[in-house]
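These notes concern the structure reproduced below.
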Amino acid sequence: MDGNDIFIRRDGGLGRITLNRPQSLNALTHQMCASMLEALRAWTEDPAIRACVIDAVPGRAFCAGGDIRAIYDMGKRRDGSAQAFFATEYRLNMAVKHFPKPYIALIGGIAMGGGVGISIHGSHRVVSENALFAMPETAIGLFPDVGGTYALPRLPGEIGMYLALTGARLGAADMVCANIATHFVPAVKFGEIVQRLVAGEAPDAVLAGLAADPGTPPLATTRAAIDRAFVMPSVEAVMDALAREEEWGNETAAILATRSPTSLKLTFKAMREGKRLDFDSCMRMEYRLTMRALERPDFYEGVRAAVIDKDQRPRWQPPALAGVSDAEIACYFAPLDVTELSS
């Protein structure tokens with residue numbers, strides 16, 4: 001057990017992590033990330049642990065991401081605490097990706113940002129009818145991190161680029177359709193999953209017996225248009241392509257018009273780069289990008305508009321795509337003057 005924000009324990013041969021900040025939608029603190037990382041490293045070496053299950057206390061969320069308000073405050077202080085948070089969180093994402101045993105995420109609610117990072121890289125991602133996925137970082141002046149630059153470009157077609165740029169929300173059927181989730185199991189069966197895993201049953205057998213049909217994925221109706229528009233070679237070209245997609249295209253372009261122009265161009269390049277990199281290289285790239293984003297105004301302005309003042313009227317700098325040069329974006333990807341991310 002670790003304080004009240006997270007419960008970490010052994011249950012038979014199962015390592016168990018339960019997020020317990022329901023009032024904050026289980027948003028991740030630095031200490032929560034550090035505790036999970038320590039547990040995964042210990043369980044990796046412990047032959048008595050056969051698998052890991054991560055879930056959350058009952059409520060609206062699995063995990064809505066990092067604690068953005070806390071990160072905002074840390075970044076404003078410029079004391080290195082924001083950088084330390086991201087370094088620990090990204091090492092946790094790497095530990096999930098490289099965990100050598102079954103890692104079963106039970107996603108029974110909202111999974112956004114950092115909540116995606118502690119689930120999508122695991123071997124088994126189980127969603128209930130209450131699951132909701134999004135990577136909404138371009139709305140707050142960031143980019144889809146926590147391994148998003150690796151995972152999203154590897155989704156079918158251009159779904160990953162679409163999700164990365166727009167922050168679109170997906171329900172359970174779409175999460176299965178897009179390979180974000182591996183199984184759909186009704187929420188009332190989640191307890192049975194854990195009981196059977198504790199009893200020693202193999203995860204694949206348990207989930208095969210409980211998995212159900214999540215229904216028709218709404219993405220099916222827009223998938224062809226997504227692939228046509230988001231395969232384009234630049235954000236500007238995507239916007240032009242969306243103009244040819246009638247109502248859905250206009251609605252999607254309107255969403256993009258509210259996002260940070262710098263974040264859109266940064267995200268676009270990071271997704272394209274991530275498609276050709278291995279996971280750890282993506283994480284090192286993301287750390288560079290995040291360190292640069294913490295030095296620039298859009299993250300702080302995005303959080304102000306969304307979380308602090310809640311006026312939903314961010315004043316991006318620059319305010320339009322035309323003002324964001326390729327040279328400026330390239331600076332984000334350059335090696336850091338300080339320590340790079342290590343595992």
Side-chain angles (χ1 to χ4, degrees), residues 1-22 26 28 32-59 61-63 91-111 114-131 133 146-147 151 172-173 175-176 179-214 279 343:
M1 183 180 293
D2 177 63
N4 293 319
D5 289 345
I6 185 171
F7 301 118
I8 297 176
R9 69 277 193 206
R10 296 162 180 256
D11 199 347
L14 207 60
R16 295 198 58 192
I17 299 170
T18 299
L19 307 178
N20 184 41
R21 294 186 76 207
N26 297 317
L28 299 173
M32 290 167 71
C33 292
S35 297
M36 285 189 276
L37 176 59
E38 180 182 9
L40 288 181
R41 286 176 169 171
W43 294 340
T44 292
E45 303 298 328
D46 187 344
I49 295 294
R50 300 187 309 272
C52 170
V53 169
I54 182 168
D55 59 8
V57 295
F62 168 71
C63 174
R91 290 184 182 115
L92 171 60
N93 303 145
M94 294 163 79
V96 172
K97 176 65 176 176
H98 298 307
F99 193 64
K101 305 170 188 182
Y103 180 99
I104 303 101
L106 301 181
I107 306 167
I110 297 167
V116 175
I118 57 172
S119 56
I120 197 171
H121 309 307
S123 58
H124 300 73
R125 289 96 59 192
V126 185
V127 293
S128 78
E129 64 275 16
N130 303 315
F133 167 98
V146 296
M175 291 174 73
V176 173
N179 296 338
I180 293 165
T182 57
H183 301 81
F184 170 78
V185 176
V188 296
K189 298 286 189 180
F190 272 21
E192 183 179 345
I193 293 173
V194 175
Q195 291 172 359
R196 291 172 63 178
L197 292 174
V198 169
E201 292 189 52
D204 288 340
V206 172
L207 294 173
L210 295 176
D213 182 358
F279 186 84
S343 58

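These numbers were taken from a predicted model, which means no experiment stands behind them.
- Residues passing the salt bridge (charged side-chain N to carboxylate O under 4.0 Å, His left out) test with Arg16, sequence neighbours excluded: Asp11, Asp55.
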Distance-only check: which donor-acceptor pairs under 3.5 Å involve side-chain atoms of residues 100-110, not counting sequence neighbours?
residue	atom	partner	partner atom	Å
Lys101	NZ	Trp43	O	2.6
Lys101	NZ	Asp46	O	2.6
Lys101	NZ	Ile49	O	2.8
Tyr103	OH	Ile118	O	2.7

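- Taking His124 as the reference, Asp204 meet the side-chain hydrogen bond (donor to acceptor under 3.5 Å, both in side chains) condition, with sequence neighbours excluded.
- What you find for Leu92 and Leu37 is that their closest heavy atoms are CD1-N, 3.8 Å.
- In this structure Glu192 satisfies the salt bridge (charged side-chain N to carboxylate O under 4.0 Å, His left out) test together with Lys189, Arg196, sequence neighbours excluded.
- The side chain to side chain contact (heavy atoms under 4.5 Å, CB included) test applied to Glu129 returns Phe184, Pro186, Ala187, not counting sequence neighbours.
- Residues Val127 and Ala172 come closest through the heavy atom pair CG2-CB, 4.0 Å.
- Residues Met36 and Leu28 form a side-chain contact, since some pair of their non-hydrogen atoms from C-beta on lies under 4.5 Å apart.
- Under the side chain to side chain contact (heavy atoms under 4.5 Å, CB included) criterion, Ala199 pairs with no residue at all, not counting sequence neighbours.
- Scanning both residues, Val146 and His121, for their nearest heavy atoms gives O-NE2, 2.8 Å.
- The minimum heavy-atom distance linking Leu197 with Ala202 is given by the pair CD2-C, 4.3 Å.
- No side-chain heavy atom of Asn130 sits less than 4.5 Å from a side-chain heavy atom of Phe62.
- The shortest heavy-atom contact between Leu40 and Cys52 is CD2-SG, 4.0 Å.
- Looking at residues two or more places apart in sequence or on another chain, you find a side chain to side chain contact (heavy atoms under 4.5 Å, CB included) between Arg21 and Asp5, Gln23, Ser24, Asn26, Ala27, Thr29, Met32, Asp67.
- The shortest heavy-atom contact between Thr18 and Arg9 is OG1-NH1, 2.7 Å.
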